[in-house]
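Inspection log for the structure reproduced underneath, given as structure tokens.
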Amino acid sequence: MNTSSLIAPPALVRRAEAHDTKAIQALDSAHFLHPFTDHEGLAGKGARVITRAENIYVWDSEGQKILDAMSGLWCVNAGYGRKELADAAYQQMMTLPFYNSFFNTTNVPAVQLATKLASLAPKVAGWGFEHVFFSSSGSESNDTNVRMVRRYWDLLGQPQRKVIISRQNAYHGSTMAGASLGGMSGMHAQGDLPIPNITHIEQPYFLENARPGESRADFGRRAAGWLEAEILAIGPEKVAAFIAEPVQGAGGVIIPPETYWPEIQRIVDQYGILLISDEVICAFGRLGHWFAYEKFGYRPDLVTFAKGVTSGYIPLGGVMVGGRVAKVLIEQGGEFNHGYTYSGHPVACAVALANIELMEREQLVERVRDDTGPYLAERFAELNEHPLVMEAETCGLVAGLVLVKNKATRQMFDADLAVGMICRGHCFRNGLIMRAVGDRMIIAPPLVMTRAQIDEMMDLIRRCLDATLDDLRADGQLA
Ligand code: PXG
């Protein structure tokens, strides 16, 4: 195959519709190892080639327009094609494309962004965040959290406090620490994970874990109680921290009952352990707040962020460091032997500043909280009438539903049927990106989405659910 034309930038970058899909797929398969991918399986069908995007839509190399209800991968909060972000990157690259922040140096965008983030992080009961540590991703940020938590307890003369408690089906990244903190059994099975001193309690997933007849409120308190039981089983003097996502994202949009977080707060307070809120998905407007701990009213010590901070236009992550940890690290710690080449990358920070400015100007956070979030909730709840659907619910602009065989008996489909994947296939064919996590279908659309676009998305979702239902009936799986 002659692939030389593929190397010419104009063919690849500018003329999306002119792409030779088969040739790109062949090169993709020959050279590009993708994340979380069965490459032999992919080689058979060829990867979908996404070539351009605008607002809430992406286009593939065959020219199909697709409504991206996953914001890329939970990150393009400001939508695609925002010139302000490209301009900010260009200007910063021409001014100072890179300089490190080791060796007592700093740069202006990093200082400005740290200051801006400190002002955005809401105080809950007088407790705020004045300090930020930057990385380039959520995974790195959670590695930073492990290092910081251990350093904190060492400095306080309690080095035996090593254990970080997390939850089953959590996602905290794919580095050694990130994958260990996460509760994905498939990830633990590869590479001898988790690393020592990380344990997992059960998630607050009502459908799977509630007792028959148990109310959501009672279940929420009982699920939080699993943290206390784990602390007591380990020995409170050995527990360093608890880490959790406000709403579990990759695990399938698991929205905890309202009683869950207040009880978690009571428990971490009682035993004096640090609380890490992993807001890689939930911050920057996703739940209608700049930071999600505000929505649930708890007080984390450390907050992980990434993704939406730059709307995914350029990699950037970090950790908001609360007063109690910052004070010990700064006043007692001397040098903290930890950091990344790209900690405080000037271009990434400049794009983040432009992104936050844009979100403020367009009041995207308020819009999600007061307008599009409630409207999505209303429209999504209608799906509960569909014969296949249970627990269609939302939180800000994330939403999930479960595909079930029998709503009355709560009977699930046989996992081998991969009903979620059948539905996902219909979504692609109908021009909609919706994720399947097992038989949970989930969305996290760009925050710029309008009410009219929510209606357009709901029509597509309904069409895909109907097509899935037709398939299952034709296959004899349903009456
Ligand atoms: N924490 C949370 C809560 C996340 O959602 C990470 C950490 C890791 O971030 P990085 O930037 O290192 O990827 C994430 C990432 C999925 C999916 O399948 C979700 C994520 C990443 C990849 C796939 O939903 N979230």
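Order of listing sets the numbers, starting from 1, for every ligand and every atom in it. As the structure is a prediction and not an experimental result, all values here were calculated from the model.
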Quiz item: When you check the side-chain N and O atoms of Y271 and E228, is any donor under 3.5 Å from an acceptor?
Solution: yes
Quiz item: Which of parallel (below 30°), tilted (30 to 60°) and perpendicular (above 60°) describes F305 and F284?
Solution: perpendicular
Practice problem: Check for a donor-acceptor pair, side chain of Q453 on one end and backbone N or O of I56 on the other, with a separation under 3.5 Å. | Solution: no
Quiz item: Residues in salt bridge (Lys or Arg N to Asp or Glu O under 4.0 Å) with E357, at least two apart?
Solution: none
Exercise. Only counting residues at least two apart or in another chain, list the ones meeting side chain to side chain donor-acceptor pair (under 3.5 Å) with Q25.
Key: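 Side chain to side chain donor-acceptor pair (under 3.5 Å) check on Q25 returns nothing, list empty.
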Practice problem: For H338, check ring-ring contact (aromatic ring centres under 6.0 Å, His included) against everything at least two apart and list the hits. | Solution: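 For H338 the ring-ring contact (aromatic ring centres under 6.0 Å, His included) partners, ignoring immediate neighbours, are F133, F336, Y340.
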Quiz item: What residues sit with at least one heavy atom under 4.0 Å from ligand 1?
Solution: L73, W74, S137, G138, S139, N142, Y171, H172, G173, E245, A250, D278, V280, I281, K307, R435
